[in-house]
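Before any comments, here is the structure.
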Amino acid sequence: MIKAITGTRDILPSDIPKWNYLEKIVSEVFRNFNYKEIRTPVFEETSLFARGIGEATDIVSKEMYTFIDRGGTSVTLKPEMTAGVVRALIEHSLDKKQSVNKLYYVSPMFRQERPQAGRFRQFHQFGAEALGSHDPMLDSEMIIMAYDIINKLGLKNLTVKINSLGIPQSRENYKSVLKKFLEKHFNSLSPESKKRFDTNILRIFDSKEEQDQKIMADAPLLINYLDDESIQHFEKVKSYLSSAGINYDVDPKLVRGLDYYSHTTFEIVSGSVGSQSSLCGGGRYDMLAKELGGGDIPGVGFAAGIERILLACENENSLNLPEEKIDLYIVSLDKNLLVETFKLALELRRRGLTVETDYLSRSVKAKMREANKYNAKFVLMIGGDEFQKGELVLKNMSNGEQHSIGKNELENLVNKIKGL
RNA sequence: GUGACCAUAGCUCAGUUUGGUUAGAGCAUCUGGUUGUGGCCCAGAAGGUCAUGGGUUCAAGUCCCAUUGGUCACCCCA
């Protein structure tokens, strides 16, 4: 039997209602904040991600789905959306048509990691990017939108974590301070962290190794080495969040794995999922557009994992989805009336009702059982004496009452059901 | 990429410890419980090469090995 590729899943009809529900909330919230949807290709030239995300990052160095196409071009299935959105913005000069571009997306992403709870190789994110302004109001807006969406899905048990990485210069200054500090403890670091000492020293803060955490507890913090401008920016972000009534934890150790971040970084973490508890992450990336050959266009954005959010919703049982119902099930009482049944179903469907009927020539009892299984609001029976008199039998499935109606009363019936 | 655990019906699982007739249950599916009527209930049916391949044994769903797949965790991230 051929099965879905490791780390990919089918979203079956029974899963769709919760996806639709989430997507509806996502588009509503983004519309309220006046973000416009953008859709970029599923694959891009590999160099876009290598340059945009950073060669040294885990995503680029070991997680990308990269292949050579028949034209000899190295292409990669998108592992995240920001690089593609910024590429599209530059390519179509959106920044010149409008000074601030506020964009959102919902899209599959691809990373070749070992699957586990809340992690897949094809997964889905929604997210937003605001380009063209340094205003800390936008940093806050990102966190608030993400929080509002997650909140509207009924999730509790959330923590908003924020940090500032400052501007590149202050970060470089800090790195040399941190390097000096860690040199003294180098031999006590875990093997992984020894590697990170050279590749990405800030990430040692993320280590879960006890020996590393012990050392880092006393390490100098970036937040104490920020320049005045970065501090100002961070303070404004925090005050906007407070004014929005959002509780947050400043986590000086929140370093994220993408190279392009500067100033604000944030995450929303859930206590209701497994080990992969980060529902959403983002930050400011003022240097990225330039890095990709565009103008000096500052940006800030976030991405949220749909599978992870839905997993949290299931674990908290937070979604109150309405029962799936159909409007009408048509039961034919007479094998000779199949064409009439077909036409009746068609007419009612074209008038806007959700109508089902039997395709297996089953008994009336079996048809009624199926009508019940579909949660039909009404059953319309066609055949017998009533049909001879030009009438149909209408049964209300919630109270069991039934009566005859004339064929010319269908318009009333449609309006009545639509009005329910 | 590393590690641990798991694999019996469409789904959830008994049965494996202590090997022994035709491998069970619940749910789901289908049919029926008198002419043309659902839910609840009742009766019945269908559905399994016990993941695959090898080994031990008189005998393997059960013990051993390998392979494949899955789950969870690490790394890292949504």
Side-chain angles (χ1 to χ4, degrees), chain A residues 1-7 9 12 14 53 56-64 78-82 106-127 146 150 190-193 195-196 199-200 203 206-209 212 254-258 266-270 273-282 301-312 329 331-335 337 360 362-387 392-402:
Chain A
M1 181 173 53
I2 297 177
K3 303 208 284 185
I5 298 279
T6 298
R9 351 198 69 180
L12 297 172
S14 55
I53 302 170
T57 59
D58 281 19
I59 291 178
V60 172
S61 63
K62 56 182 199 190
E63 294 170 5
M64 294 204 302
K78 58 186 173 189
E80 58 105 54
M81 193 72 175
T82 305
V106 180
S107 172
M109 305 293 164
F110 306 85
R111 291 181 203 173
Q112 188 161 6
E113 299 180 87
R114 201 67 171 262
Q116 69 187 75
R119 168 184 289 164
F120 307 96
R121 290 185 172 181
Q122 174 175 343
F123 59 102
H124 298 77
Q125 292 184 330
F126 65 84
I150 292 169
S190 68
E192 270 305 311
S193 289
K195 270 188 242 162
R196 283 187 284 225
T199 55
N200 192 345
R203 295 216 58 95
D206 280 346
S207 174
K208 287 171 190 167
E209 299 288 335
D212 294 337
L254 179 67
V255 177
R256 298 182 48 75
L258 295 85
F266 68 92
E267 250 177 48
I268 299 177
V269 176
S270 166
V273 293
S275 169
Q276 304 306 317
S277 58
S278 174
L279 301 186
C280 144
F302 80 93
I306 296 179
E307 284 85 353
R308 262 177 215 183
I309 290 172
L310 291 178
L311 179 62
Y329 189 98
V331 171
S332 169
L333 304 173
D334 183 342
K335 286 189 176 72
L337 292 177
L360 295 171
R362 289 184 289 196
S363 67
V364 170
K365 186 193 200 79
K367 288 170 183 167
M368 290 301 293
R369 279 180 172 161
E370 187 169 66
N372 192 62
K373 200 176 70 185
Y374 280 129
N375 265 317
K377 295 174 195 163
F378 293 91
V379 163
L380 199 53
M381 282 171 259
I382 174 170
D385 298 343
E386 292 89 346
F387 185 72
L392 301 160
V393 178
L394 179 70
K395 177 162 186 169
N396 182 328
M397 293 296 276
S398 58
N399 59 19
E401 288 171 11
Q402 70 179 54

- Out of rG3(B), rC75(B), rG38(B), whichever nucleotide has its closest atom nearest the side chain of K395(A): rG38(B)

- Note on the structure: Quick note, K62(A) side chain, CB onward, closest among rC75(B), rA78(B), rC72(B) is rC75(B)

By the 4.0 Å heavy-atom rule, please label [X] as base, sugar-phosphate, or nothing.
X: G118(A); answer: base
X: E80(A); answer: nothing
X: D385(A); answer: base
X: L279(A); answer: sugar-phosphate
X: E386(A); answer: base
X: V393(A); answer: base
X: F120(A); answer: base
X: K3(A); answer: sugar-phosphate
X: A371(A); answer: nothing
X: M109(A); answer: nothing

Rounded to whole Å, please give me the gap between [atom1] in [X] and [atom2] in [N].
X: E63(A); N: rC75(B); atom1: CD; atom2: P; answer: 13 Å
X: R114(A); N: rG1(B); atom1: CZ; atom2: P; answer: 7 Å
X: I382(A); N: rG36(B); atom1: CD1; atom2: C1'; answer: 14 Å
X: N372(A); N: rG38(B); atom1: CG; atom2: C1'; answer: 4 Å

Could you measure between the two [atom1] atoms, the one in [N] and the one in [M], and give it in whole Å?
N: rU34(B); M: rG53(B); atom1: P; answer: 49 Å
N: rU62(B); M: rU8(B); atom1: P; answer: 13 Å
N: rA7(B); M: rC11(B); atom1: P; answer: 15 Å
N: rG20(B); M: rG33(B); atom1: C1'; answer: 42 Å

Tell me whether the OP1 or OP2 atom of [N] has a side-chain N or O from [X] closer than 4.0 Å.
X: T6(A); N: rG69(B); value: no
X: Q402(A); N: rG36(B); value: no
X: R9(A); N: rG70(B); value: no

- Which residue, A117(A) or G281(A), contacts RNA chain B at a nucleotide closer to its 5' end, judged by nearest heavy atom? A117(A)

- Message: With nearest nucleotide decided by heavy atoms, which residue, E401(A) or F123(A), maps closer to the 5′ end of RNA chain B?
- Response: E401(A)

- Message: Looking at Q116(A) and rU71(B), is any side-chain donor or acceptor paired with a base atom of the opposite kind under 3.5 Å?
- Response: no

- Item | S363(A): partners by side-chain contact (heavy atoms from CB on, under 4.5 Å), with sequence neighbours left out | K365(A), A366(A)

- Do nucleotides 29-35 of chain B as a string where each nucleotide becomes B, S or -: B if the base has a protein heavy atom under 4.0 Å, S if just the sugar-phosphate does, - if no protein is that close. SSSBB--

- Hey, is CG on L12(A) packed in by over 12 heavy atoms from elsewhere, all under 6.0 Å? yes

